[in-house]
Structures are given as C-alpha cells and as structure tokens.
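The next block holds one structure in the form of structure tokens; read it before the comments.
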Protein chains: 2
Amino acid sequence: MNPARRIRDEIAASIQSGAWRPGHRIPTEQELAARYGCARGTVSKALSELAASGLIERRRKAGSFVAHPPVHSAVMTVPDLAELIAARGEAYRWQALAIERLTGGDDGFARPALAIEGVHFAADEPFAFEQRRIALGEVADAADADFEAQAPGTWLLAHIPWTEGRHVIRAVTPTRKEARLLGIGPSTACLELDRTTWRAGGVVTHVRQLFRGDRFDLVAEFRSGLESARPS
Amino acid sequence: MNPARRIRDEIAASIQSGAWRPGHRIPTEQELAARYGCARGTVSKALSELAASGLIERRRKAGSFVAHPPVHSAVMTVPDLAELIAARGEAYRWQALAIERLTGGDDGFARPALAIEGVHFAADEPFAFEQRRIALGEVADAADADFEAQAPGTWLLAHIPWTEGRHVIRAVTPTRKEARLLGIGPSTACLELDRTTWRAGGVVTHVRQLFRGDRFDLVAEFRSGLESARPS
DNA sequence: CTTCATATTATGTCTAGACATAATGACGCA
DNA sequence: TGCGTCATTATGTCTAGACATAATATGAAG
C-alpha cells in the first residue's frame with residue numbers, strides 16, 4: 001500500500017472511530033515521518049488530503065488537529081432532466097409553451113433576455129413546469145437556439161459548461177394554472193427548485209422548476225471526506 | 001503568487017472561460033514545467049488539485065484532459081436545527097411528544113432502538129415535526145440522554161461525529177395530525193427530509209423531518225471545483 | 001491483415017533537502 | 001504587571017532527481 005494512502009487512511013480511521021476526538025492534536029509531520037519511515041513530504045501530502053476533505057485542520061506552528069465542527073455538507077447531484085427521466089427508463093419530452101424576447105421591463109434580471117416557459121414530460125405525463133430567463137448578453141448564441149425542439153436546460157448544459165450557481169428548494173402549493181399544466185389536483189404539494197446560474201461576471205440563467213411532489217424526490221449524500229469531491 | 005496556485009488558476013480560467021472545451025488535451029507536465037519555469041512536481045500538484053476538484057481528468061501515458069461531463073453537484077449544508085433557527089435570530093425550543101424503547105417488532109430498523117417524536121419551535125411557533133429512530137446497538141449512550149430537554153439531533157451531533165448519510169427530499173401534503181402539530185392548514189405543502197445516518201458498519205439513526213413549506217427553504221450551491229470541498 | 005510482444009511516454013509517487021511563513025511562547029524592559 | 005521583541009517551531013511550498021505504473025504506439029511474427 002502507498003505510504004501516503006496508508007497514513008491518510010489510518011489517521012482517518014482514528015478520527016472516524018472516535019479514538020481521536022475533535023480538537024485532538026495529531027502528531028507532527030516529523031513524528032509521523034519517523035514513525036512510518038518515509039519523507040516529510042509524503043506525510044504532508046497525506047495531511048493535505050485530510051485537510052482538503054475537512055477531517056483535520058492544520059495551523060502553522062501549532063500543528064494539525066482533528067477538525068472540530070462536523071457540519072454536515074451533503075452533495076446533491078442535479079442532473080439534466082432529460083437524462084434523469086431517461087435513467088428511469090421513461091420516455092422524455094419537452095413542450096415549450098411560450099418563448100419571448102424581453103428588452104424592456106425590470107424583474108431584476110438582465111436585459112436583453114429570453115423568457116421561456118414549458119413543461120417536461122415523462123412517459124407522456126407532465127413531470128415538471130419550468131419558467132426560465134436566459135441572459136442574452138452572456139449567451140448570445142441562445143438567440144439562435146431552437147427551444148421548441150430542445151429544452152433550454154439541455155442546450156445550456158452543452159453550450160455553457162463550468163458554471164457556478166445556487167439552488168433554493170421549497171415545498172409549495174401550485175397555482176391553479178400550474179396544477180392544470182401538471183395534471184394534478186390544486187392541493188397536491190409540489191417541490192419548487194429555483195436555480196440561478198452564473199459564470200465569471202454575470203448571471204447566465206435563472207430557472208424555476210415546479211415538480212409534482214408525487215413523482216420526484218431529490219437525493220443528497222454526505223460523507224466524511226475522502227473519495228473525490230465530485231463522484232462521477 | 002505561488003507557482004502551483006498560478007498554474008492551477010490559469011488552467012481553471014482557461015476551462016471556465018470556454019477556451020478549452022471538454023475533452024481538450026492539456027499540455028504535459030513537462031511542457032507546463034518548462035513554460036512556467038518550475039519543477040514537474042509543482043505542476044503535478046497543481047494538476048492533482050484540478051483533478052480532485054473535478055475540472056480535469058488525468059490518464060497515465062495519455063495525458064490530462066478537460067473533464068467532460070459537467071454534471072452539476074451542489075453542496076447543501078445541513079445544519080443542526082437549533083443552530084439554524086438561532087442564526088435567524090429566533091428563539092429555539094424543542095418539545096418531545098413521545099419517547100419509546102423498541103425491542104421487538106420490525107420496521108426495517110435495528111433493535112433495540114429508541115423511537116422519538118417531537119416538534120421544533122422557532123419563535124414559539126411550530127417549525128418542524130420530527131420522527132426519529134436511534135440504534136442503541138450503535139449508540140449505547142443514547143439510552144441515558146435526556147431527549148425531553150435536548151433535541152436528539154443536537155445530542156447526536158455532539159456525541160457521534162463523522163458519519164455518512166443520505167437525504168431524500170420531497171414535497172408532501174401533511175396528514176391531519178401533522179397539520180395540527182405544525183399549526184397549518186391541511187393543504188399547506190410541507191418539505192419532507194428523510195435522513196439516514198451511518199458510521200462504519202451500522203445505521204446510527206434515521207430521521208424524518210417535516211417542515212412547514214412557508215417557513216423553510218433548503219439552499220444548495222454548486223461551483224466548478226477549487227476552494228475546499230467543505231466550506232466552513 | 002491480424003495478433004502479440006515490446007518500447008515509449010506521461011502520469012503517480014517518493015525522497016532529501018531547502019527556504020518561506022506564521023504563530024506561539026519566552027524573555028527582557030518599562 | 002503589562003507590553004513589545006525575538007527565537008523557536010510546525011506547516012507551506014518548492015526543487016531535482018528517481019523509480020513505478022499503466023496505457024499507447026510500434027514493430028515483428030504468424
């Protein structure tokens with residue numbers, strides 16, 4: 001086994017088993033190097049990984065300590081809806097309801113913008129209702145895309161990779177119009193997902209998706225560091 | 001600026017700006033070392049960080065490539081409810097409704113177990129309804145804890161750090177009993193959060209929390225790698 | 001033309017040593 | 001007692017070189 005990996009795993013095990021409580025001071029790099037019979041650089045690499053994964057904290061001169069607040073961060077993968085539905089083995093379809101070019105007005109979103117409304121279908125039943133804005137100043141190509149044929153999320157994913165963003169998730173009761181579009185009763189709970197996406201500089205798109213509560217869950221996992229941050 | 005950091009940031013910028021599309025081959029470590037006038041180890045470290053953050057993929061002999069599917073993973077921090085409410089500047093209170101020791105029966109959860117039901121209050125109004133199981137085989141101390149005085153989540157967070165787990169989030173309509181406990185109408189949408197938590201070996205606890213849809217959102221952020229996986 | 005062995009190559013990991021940096025703690029002075 | 005200074009110390013980063021490993025590319029044999 002790699003010395004670096006071995007050191008990393010043994011320290012991680014000591015922490016996760018509870019043998020080393022939060023705040024416990026880890027031996028210095030020199031001590032560990034002597035104990036494992038390897039160079040300090042190797043120990044340093046192992047500790048760096050543990051620090052990156054949040055398991056320990058390192059302070060110059062002071063040493064390395066078992067990290068202290070185990071705030072649970074969960075990783076939620078947000079796949080493209082077309083993929084998600086295909087993965088379920090259901091047929092996917094997108095239907096645009098309205099596509100409009102906004103030049104004036106003010107809703108807090110940049111202008112010019114494209115405003116798109118539509119419904120995602122799974123197995124020919126409504127699955128989610130989507131309202132979207134795309135900033136044409138950031139994504140000029142979007143003006144030429146055919147959003148009747150392709151859902152804007154799918155198009156954006158292929159054309160504007162590597163963005164940052166923020167989701168807000170809530171439970172809401174649909175409006176009468178939304179309930180009709182989703183083919184559900186007016187008191188069926190829906191999951192609302194508000195996503196703002198940006199790329200160095202400006203907001204690229206904002207989308208509000210309303211999911212039928214009875215056909216959709218979100219799954220998020222948390223783990224104590226190690227393995228890559230981004231499980232493919 | 002650190003050479004390593006500089007290399008890392010310049011490559012990340014090339015990717016995020018779209019100049020290097022997914023699949024693009026990154027110069028070899030040797031070429032980069034020569035271009036930046038540093039040792040190969042330094043380049044390797046920079047590329048390792050980019051790979052860990054998911055921005056690139058590295059393959060022996062083949063080289064390093066801009067990673068290809070930018071599946072959006074969002075990081076959701078799941079704070080303790082007591083902390084969350086305190087952070088809002090509201091008074092927090094926990095009220096236990098039932099605490100029971102389960103030895104027989106079978107609901108798919110280990111035995112013996114502690115079954116706890118209660119309500120979380122914010123500013124003296126019901127905020128969330130909680131149903132929990134704790135595996136006494138994994139957490140023997142829990143038998144002596146006072147869950148009338150302290151919410152089980154708070155106690156567990158302090159006593160059982162470093163766990164892994166899984167959330168399932170949905171929108172639901174509350175049952176009549178739940179609506180009454182939360183002080184809402186029977187058709188107010190609620191956010192349901194199902195969390196299973198485990199630690200090397202066994203499931204530690206399972207909790208189902210039902211939030212008033214009008215008083216709670218979940219926030220999740222995604223970003224293209226870099227900064228630590230676990231923002232404190 | 002296919003198949004298998006081999007050479008090449010880029011990454012993966014490690015070493016031993018160097019200097020930088022930041023924070024602690026001790027010492028001395030007011 | 002209180003405060004500023006300075007040496008100490010542990011981590012942070014880097015280097016130049018070495019060997020390991022895996023996968024591609026090449027070439028020889030069938």
- Task: Under 4.0 Å between any heavy atoms, over every strand shown, what does A/Ser44 touch: base, sugar-phosphate, or nothing? Just pick one.
- Result: base
- Salt-bridge test for B/Glu10 and B/Arg35: reply yes if a basic N is under 4.0 Å from a carboxylate O, no otherwise. no
- Establish whether the base of C/dT9 is bridged to the side chain of B/Arg40 by a donor-acceptor pair shorter than 3.5 Å. no
- Checking only heavy atoms, does the side chain of A/Arg59 share a donor-acceptor pair with the base of D/dG12 at less than 3.5 Å? no
- Task: Answer yes or no: is there an ion pair linking A/Asp107 with A/Arg133, defined by an N-O contact shorter than 4.0 Å?
- Result: yes
- Query: To the side chain of B/Glu29, which of C/dT15, D/dA10, C/dT11 is closest?
  - Reply: C/dT11
- Query: Which residue lies toward the 5' end of DNA chain D, B/Gly41 or B/Lys61, if each is placed at its nearest nucleotide?
  - Reply: B/Gly41
- Query: Does a nitrogen or oxygen in the side chain of A/Thr42 sit under 4.0 Å from OP1 or OP2 of C/dT15?
  - Reply: yes
- Message: On the nucleotide D/dT11, are OP1 or OP2 found under 4.0 Å from the side-chain N or O atoms that A/Ser64 carries?
- Response: yes
- Message: Please find the pair of heavy atoms, one from B/Leu193 and one from B/Ile169, that lie closest to each other, and give the distance.
- Response: CG-CG1, 4.4 Å
- Base C/dG12 paired with A/Arg5 side chain (donor-acceptor, <3.5 Å): no
- Message: Regarding B/Arg40 and B/Glu31, does a basic nitrogen lie under 4.0 Å from an acidic carboxylate oxygen?
- Response: no
- Query: Between A/Arg60 and A/Pro3, who's closer to the 5' end of DNA chain C by nearest nucleotide?
  - Reply: A/Pro3
